[in-house]
Each structure stands twice: as C-alpha cells, then as structure tokens.
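All remarks here apply to the structure that follows.
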Protein chains: 2
Amino acid sequence: MSPRMGLDMQGVVEAAVELADEKGMAEVTLASLAKKLGIRTPSLYNHVGGLEDLRKRMAFYGVNELYASLSEAVRGNSGEEGVKALAAAYVQFARERPGLYQAAQHAPDRQDDEMVKAYERVVNLVVTVMNHYGLEGDAKIHAVRGIRSILHGFTSLELTGGFGIPLDLDVSLRLAIDAYLAGISVMKDLAIKE
Amino acid sequence: MSPRMGLDMQGVVEAAVELADEKGMAEVTLASLAKKLGIRTPSLYNHVGGLEDLRKRMAFYGVNELYASLSEAVRGNSGEEGVKALAAAYVQFARERPGLYQAAQHAPDRQDDEMVKAYERVVNLVVTVMNHYGLEGDAKIHAVRGIRSILHGFTSLELTGGFGIPLDLDVSLRLAIDAYLAGISVMKDLAIKE
DNA sequence: TACTAAAACTAATGATATTAGTTTTGTGGA
DNA sequence: TCCACAAAACTAATATCATTAGTTTTAGTA
C-alpha cells in the first residue's frame, strides 16, 4: 500500500457521478465536487487531470455501467425478447441514473483505446440481440443504428422533458420498438422474395 | 428610432449562434461573444439578461429555424413522401447548423409560453405528416413520439460521433424510417383485422 | 443646438480552473 | 519502535468567466 492512502480516483469519479445524478452534469464542477468530498479543489488534481479528464472518466464509467445493466437484462433472453429486454433496461438505466447517462454521452475520444472498446461493447450487445433477425453485412449495421437511434432519441427526449403530454412513456417506447422490429421483418421478407 | 441605435438582441443571438455553429455550444461564452462583436462583455447585458437568457433565446431561435426548414421541406409532400422529406430536412438542418441544433436542445421552459408554442409547432408538423397513417388518439401520439425519437436519436448520435463505421449514414436513416413506417402500417392492419 | 435615453464603457466582486510550491501524514522498512 | 518518504492535502497565486454598479459616450429627437 502506498504511503498515506486517502481518496482514490475511482472514489472521486463515483462522487462526481453522484453529484451528476443529483443535480445534473452542469452542476459538476471541481469546486462542488471538492466540497462534497470535504477537500480543497486543488487536491483533486492528485486523482484526476482536471475537469476535462474527470468528464472523460465519468463517461467511461457510465458506458461501462450501462453495459453491465444491459448485458444483465439481456442474459438468457434471445431474439425479440432480447431486444425488448434491452430497450426496457436502457430507459430504466437512464431514469435511475440520469446524470450518469448524460455523462456517458460525452463525445468518445477515438484515440482513447479503452474508451473505444467500452463503447464497442455496448454496440456489440445491440448487434448480438439483433442477430435474431438474420440480417447480414451492411443491413445488420443499418438495423443496429436504427435501434440505437430509437433508444438514445427516446431517452434523451424523455430526460430533457421533450414529451409534454402525460401519456404513458413506457407504452410509447414499446410500440416504437415493436413497429421498428415488425418493419425490419417485413422488409427482410420482401427482399428475399425479390 | 431610439437614441444611439447599436446592436440589437436579434443580432446578438445570431452572432452567438454563428459561434455555436463554428465551435460548438461549449465555446459560446459571454466573453467570446463580446469579442466577436467587438464590444466589452458587460455591454451584452444591454441586449440579453445573461448567459442563461442567451441560451434560452438561442434555443427559441433554433426551434423556429428548424420549423422553417422542416415546413419548407414538407410543403406539397404528403403521406409517406412527407415523412421522408421531413426526415431528410431534419438531418440536413443538424448537419448544416450543428451548433444551432445543439442550442435548440436546451430543455424547454414550460412556463415560457412563446417557447412552448414554438416547440409545439415543430411537433405538430410531425403530427401532420403522420396523419396519413390514419392513426387516432393515443396511437397517433405514440407514433409521433417514435418518429421524433428516431430523428433526434440519429441526429444526436451522428453529431457526437457515435457512429464509428464509415457506412453511408443517409442510407441508415432512410432504412430506419422505412422500417418504422412499414411496421406501423402492418401493426395497424393487424389491429383492424382483430 | 441641446436634451435624453440607450449603448457602451470602466471598475469591482465572486466563482471557477489550474499551476507552483509547501506541509502533513500514513505506511513500510531500518 | 522509530524514521524516511511518497502520496495526499494544503496554501498562495494567476487567469478566465459572469455579473453588478455606476460612469461616459453618442445618435436621434425635440
């Protein structure tokens, strides 16, 4: 053990994420984080490289947590059930940890190998559940982009208060996914018959 | 004309939007905006109420510009063609004016009547093009939420660099919309036959 | 031409991020 | 047991912002 073990980076990042979930990413400053941790602002530089570095680490943490939630939800379910379980887990994650979800949206640095890998794990999970539809090559990529768009778009609109009318949001998402999947199925049938 | 006509609010907001399009919303500060306009920071307070007020006005401007682009694109087209024209115009807007699109995402203040109305105009445009599908009541609202989720999700992921693979993005969006619309059609047919 | 109100300014304050350099302190080895 | 040291935390200082208060400038109008 190193001399004088105090805070560590993981604890700092997790405290920052707590702040984000409580008050939103905009309220996560080095000043507010230091206050929460009971230390002075410059002491944070012993654990993170600065505000931008903190945000990157929060994004990394968020993407990994999202992956954990999604893979847990998908486990055992395959095909259409898998997609529905994934979708439900996706919005649940964003609702329970809105700040962390927001943090995970930080534009991924393509030079950062660890970050790219973490991001790809999530995308590959979506690819896996979509395998049930028997799409190949580009068609599969397009289909995955579609699902990801629905999930992120719906979540983002819900979180920013974009849906005004008080009509059950879970039903909206379920119907959107159902329609999209039904559409993929019929389009695939059409393509085969040609 | 009032004494000493200099800048006006509209000019300030438009300069801020230019900054946003050039460098992203994060770079839009009162300091950088004042520099761009060749005045000192406090002078901006003659035209806007502060940074938060500026952001609200940028969002309002963005939502109105988006509406103008979308309604122009939809004009004349009805039904499925209308939806496709809307979708194409939506992503085109975000690509040409990424900062303005980002600005328009600022969570709408439900107390601000003008803002709420501007936002509703956009949503109602989507409602209009979706009328072709003959959905009624809640079903229509759910369907509109679905389209909005696809459009915003796709756009947001594209702008933040969420799509890594170099595969034609326009095709991805077109297929996603096609699949969703096809799905809505078959689901409606099923519901009728029951 | 003189008045006036808006526009723009200077000055000052408080919050933030960041760097440099100092002090504290817990742990592992002498 | 005690001591050295490295990490942690600190103070001090600087630079950038947003914001407020109060002053000066200036273009249109009476």
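We name chains A, B, ... by the order of the sequence lines, and we start the count at 1 in each one.
The base of C:dA7 sits within donor-acceptor range of the side chain of B:R4, with an N or O pair under 3.5 Å. At a cut-off of 3.5 angstrom, counting only N and O atoms as typed in the model, there is no donor on one side facing an acceptor on the other between the side-chain of A:R40 and the base of D:dT11. For B:N46 against C:dA8, a side-chain-to-base donor-acceptor contact under 3.5 Å is present.
Counting to the nearest Å, the C1' atom of D:dC10 and the CG atom of A:L44 are 12 Å from each other. Atom CG of A:D8 is separated from atom C1' of C:dG26 by 16 Å (rounded to the nearest Å).
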Subject >> A:Y90 and A:L173: CA distance, side-chain angles, deciding distance, side chain to side chain contact (heavy atoms under 4.5 Å, CB included) verdict >> reply: CA-CA 11 Å; A:Y90 194 99; A:L173 178 62; over 6 Å; no

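Checking B:T29 against A:T41, the closest nucleotide of DNA chain D that is more toward the 5' end is the one next to A:T41.
Salt bridge status for A:D112 with A:K117: absent, with no side-chain N to carboxylate O gap under 4.0 Å. A salt bridge links B:D109 with B:K56: at least one charged nitrogen is closer than 4.0 Å to a carboxylate oxygen. A salt bridge links B:E72 with B:R75: at least one charged nitrogen is closer than 4.0 Å to a carboxylate oxygen.
The side chain of A:P42 lies closest to C:dT18 when the candidates are C:dT18, D:dA8, D:dT19. For B:L30, whose side chain is taken as the heavy atoms from C-beta onward, the closest listed nucleotide among D:dA9, C:dT18, D:dA18 is D:dA18.
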